[in-house]
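Worksheet: one structure, shown below.
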Amino acid sequence: MKRPQSEVPRFERLALECVGGVAGDMLLGAFLAAGADKGAIHEAFANLNESALKLLVEDVEIHREQALWVRSIPPGNQLNSSHAASVSMRQVFEVLEKLQMPPSALRYAKKIFTILGNAESEAHQVHFDSVHLHEVGELDSILDVAGVAIAYESIGSPSLTCTELPSGSGTVNTSHGILDCPVPAVVAIANRFKIPMVDIEVKGETITPTGIAILAGLDCAFTGRSEGFQGRVVGRGAGTKRFSSRPNLIRLREHSQ
């Protein structure tokens with residue numbers, strides 16, 4: 001059930017510390033932990049008749065910090081077939097139009113997927129209309145993007161600042177084959193929007209194309225390293241992976257600077 005607006009906190013400025021990386025589910029978890037309206041997300045997807053889709057929100061502890069871990073069940077639930085490659089950018093936008101979401105949230109979601117599609121187009125040398133969003137074309141990833149847009153709008157669409165993004169090294173196995181980390185679509189978005197990335201000790205993917213596209217689509221300003229970040233932590237979103245060297249989470253702070 002959608003929460004009364006009086007029960008949803010409103011923020012003017014928030015700061016994101018992407019300690020372990022950034023992905024759509026991590027951002028959604030951080031906003032929900034800050035008090036965003038989860039019921040509004042459920043209502044937005046209600047008319048898709050996706051009875052198998054369920055947003056699971058679980059409290060987890062990572063390196064002694066409490067965070068929300070968000071995922072949709074069953075994972076890999078796709079729009080119309082058993083092959084993610086069949087999901088086109090056009091189909092993604094068709095699904096967005098069917099969602100019952102505020103106009104401002106819909107604009108954010110479309111902007112994010114446009115950024116993502118342009119990056120995939122550049123990275124893989126295909127026309128925008130020919131882009132098939134493989135890893136990000138599944139219904140659960142559309143839930144991440146639309147969910148973040150709805151959650152962000154529900155807490156007042158605050159201005160966002162963010163630390164530099166921690167990038168793992170090595171390779172990741174994708175539908176495009178084995179790619180270096182950060183993957184080409186991430187690099188394309190970082191270059192276009194002048195988003196700073198810093199190498200960290202973690203092996204593997206820590207910045208997903210969806211995650212960095214969300215930050216760009218929400219007009220996030222990047223401030224460099226996290227030292228000196230002030231403000232009360234209002235929410236933490238957890239990633240799926242667990243790292244020994246650092247907590248794989250995003251801290252969301254009420255910015256006091």
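Position 1 is the first residue of the sequence, and the numbers go up from there.
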Are Ile250 and Phe11 connected in a single hydrophobic cluster, I mean Ile/Leu/Val/Met/Phe/Trp/Tyr linked by side-chain heavy atoms less than 4.5 Å apart? yes
Distance col, row His63:NE2 vs Asn248:CG, nearest 0.5 angstrom, shows 9.0 Å
Stepwise, does the salt bridge (charged side-chain N to carboxylate O under 4.0 Å, His left out) test hold for Arg192 with Glu122? CA-CA 11 Å; Arg192 179 183 174 191; Glu122 176 183 339; over 6 Å; no
Any chance NZ of Lys98 has more than 12 other-residue heavy atoms, nucleotides or ligands included, within less than 6.0 Å? no
Please check if Phe222 and Ile115 belong to a single hydrophobic cluster, counting links between Ile, Leu, Val, Met, Phe, Trp and Tyr side chain heavy atoms closer than 4.5 Å. yes
CZ-OG1 distance between Arg71 and Thr240, expressed to the nearest 0.5 angstrom: 8.0 Å
Salt bridge or not for Lys111 and Asp219, using N-O below 4.0 Å? yes
If the condition is side chain to side chain donor-acceptor pair (under 3.5 Å), which residues does Glu201 pass it with, not counting sequence neighbours? Ser245, Arg246
Atom CG of Leu252 and atom CZ of Arg232: how far apart are they, to the nearest 0.5 Å? 10.0 Å
Sub-4.5 Å side-chain heavy-atom contact between Ser159 and Glu12: no
Distance check, rounded to the nearest 0.5 Å: Leu16 atom CG versus Leu165 atom CG? 9.5 Å
Ion pair Lys38/Glu43, N-O distance below 4.0 Å: no
Ignoring hydrogens and geometry, is there a side-chain-to-backbone donor-acceptor pair from Tyr152 to Pro158 under 3.5 Å? yes
Rounded distance (nearest 0.5 Å) linking atom CD1 of Ile41 with atom CZ of Phe31: 10.5 Å
Looking at Glu17 and Arg253, is there a salt bridge between them, counting it only when a charged N and a carboxylate O are closer than 4.0 Å? yes
In plain terms, say whether Arg251 and Glu65 are close enough for a salt bridge, that is, a side-chain N and a carboxylate O under 4.0 Å apart. yes
When you measure from the side chain of Arg242 to the backbone N and O of Gly239, does any donor-acceptor pair fall under 3.5 Å? yes
Would you say Thr223's side chain and Thr161's backbone share a donor-acceptor pair under 3.5 angstrom? no
Between Ser121 (side chain) and Gly117 (backbone), is there a donor-acceptor pair under 3.5 Å? no
Would you kindly confirm whether Ile62 and Phe243 end up in one hydrophobic cluster when ILVMFWY residues are joined by side chain heavy atoms under 4.5 Å apart? no
Val186 and Thr208: side-chain contact (heavy atoms from CB on, under 4.5 Å), yes or no, with the steps? CA-CA 7 Å; Val186 166; Thr208 70; 5.8 Å; no
Flag yes if Leu249 and Val234 sit in one hydrophobic cluster, no otherwise; membership is Ile, Leu, Val, Met, Phe, Trp, Tyr, and two members link when side-chain heavy atoms are under 4.5 Å apart. no
As a quick check of understanding, evaluate side-chain contact (heavy atoms from CB on, under 4.5 Å) for Ile155 and Leu14, giving each step before the final call. CA-CA 11 Å; Ile155 59 173; Leu14 291 173; 3.8 Å; yes
For Glu61, does the CD atom sit with more than 12 other heavy atoms under 6.0 Å from it, leaving out its own atoms? yes
Side-chain donor/acceptor of Thr206 to backbone N/O of Gly168, under 3.5 Å: yes
Check the hydrophobic clustering (I, L, V, M, F, W, Y; side-chain heavy atoms under 4.5 Å; chains of links allowed) and say if Met26 and Ile200 are grouped together. no
Audit row: Cys162, Leu215, side-chain contact (heavy atoms from CB on, under 4.5 Å) steps and yes/no: CA-CA 9 Å; Cys162 188; Leu215 295 179; 4.2 Å; yes
State the CG-CG distance between Leu68 and Leu56, to the nearest 0.5 angstrom. 12.0 Å
Got a salt bridge between Lys241 and Glu205, using NZ or NE/NH1/NH2 to carboxylate O under 4.0 Å? no
Using side-chain contact (heavy atoms from CB on, under 4.5 Å), reason through Leu32 and Val70 one step at a time and then give a plain yes or no. CA-CA 9 Å; Leu32 289 176; Val70 178; 4.1 Å; yes
Side chain Arg10, main chain Ser154, donor-acceptor under 3.5 Å: yes
